[in-house]
Amino acid sequence: MRINKFIAQSGLCSRRKADEYVLNGNVKVNGLVMREPGYDVAGDDRVEVNGRQVLADEKPVYYLLNKPVGYITTMNDEQGRPSVSDLLGDIEERVFPVGRLDGNTSGALILTNDGHIAYRISHPSKLVYKTYRAMVKGVVSREKEARLRKGVDIGGYITRPAKVNVLEQRPGSAVVEISITEGRYHQVKKMFKAVGCPVQTLERISVGEIRLGRLKTGTFRKLTAKELEWLKSL
Ligand code: URA
């Protein structure tokens, strides 16, 4: 089995990420650095990624975490900052976050050891809407709403069509729900900035059919059978 597939099937990360690990020299086979993405793992090979042995075929698991503000979306931060792994106490499997939320963004974050699902949720071609509730500065006029829906320039890139719903317009701020199918770096913040309404707080309330609901901040739950069915249909 190709080494990227072996690593992805172990649940550590996606195949693409596994290739990156290989090319960056983070992978060892039988104690020696292996930089060959096409390497075929033999049955008795010992594979290590970042010093940890990788065992193929862990049972797949799927969780939804309500990420609090102040936690970064990584499983181990080299600088020792609070990260989502600190919130996953008794999960034994080596899960990883699907996509990322900024440190100051809260809300729905899926964690799994299933590299295939991770790819499907994240790929724009799958048209999985990720919905955010944003508190923004200023007035989100009809005209701005229409621009956000159609696509705005966020620094050389025009965003894909979005769903936008202004829930509340207050004197100097608004609460807006926005659903996007992409996940570019700081995308929602850049979109609102592009229409002159900078984001003050941002929470992701759903990823496709998986909704945060009443899940308490800082806690996680297993995905339900229905949610899993939806995920697997992607
Ligand atoms: N868009 C952002 O700007 N930040 C996030 O965390 C997610 C989407």
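Just so you know, these numbers come straight off a predicted model, no measurement behind them. All ligand and atom numbering here is 1-based and tracks the order in the structure.
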Are any of the side-chain nitrogens in Arg133 or Glu177 under 4.0 Å away from the carboxylate oxygens of its partner?
-> yes
Using a heavy-atom cut-off of under 4.0 Å, does the side chain or the backbone of Leu202 touch ligand 1, or both, or neither?
-> side chain
Just jot down the ligand 1 atoms closer than 4.0 angstrom to any heavy atom of Gln187, in number order.
-> 1 (N), 2 (C), 3 (O)
Leu228 side chain reached by Tyr62 side chain, heavy atoms, under 4.5 Å = yes
Does any non-hydrogen side-chain atom of Arg100 lie less than 4.5 Å from one of Asp102?
-> yes
For the residue pair Ile154 and Met191, establish whether any side-chain heavy-atom pair is separated by less than 4.5 Å.
-> yes
Side chains of Asn104 and Leu202: does their closest heavy-atom pair fall under 4.5 Å?
-> no
Does Val188, backbone or side chain, put an N or O under 3.5 Å from an N or O of ligand 1?
-> yes
What atoms of ligand 1 come within less than 4.0 Å of a heavy atom belonging to Tyr132?
-> 7 (C), 8 (C)
What atoms of ligand 1 come closer than 4.0 angstrom to any heavy atom of Thr105?
-> 4 (N), 5 (C), 6 (O)
What are the atoms of ligand 1, with element, lying closer than 4.0 Å to any heavy atom of His186?
-> 1 (N), 2 (C), 3 (O)
Looking only at protein heavy atoms, which one is nearest to atom 4 (N) of ligand 1, and how far off is it?
-> Asp102 OD2, 2.7 Å
Got Leu148 and Val195 here, is their nearest side-chain heavy-atom distance under 4.5 Å?
-> yes
Using distance alone, determine whether Arg184 and ligand 1 share an N or O pair under 3.5 Å.
-> no
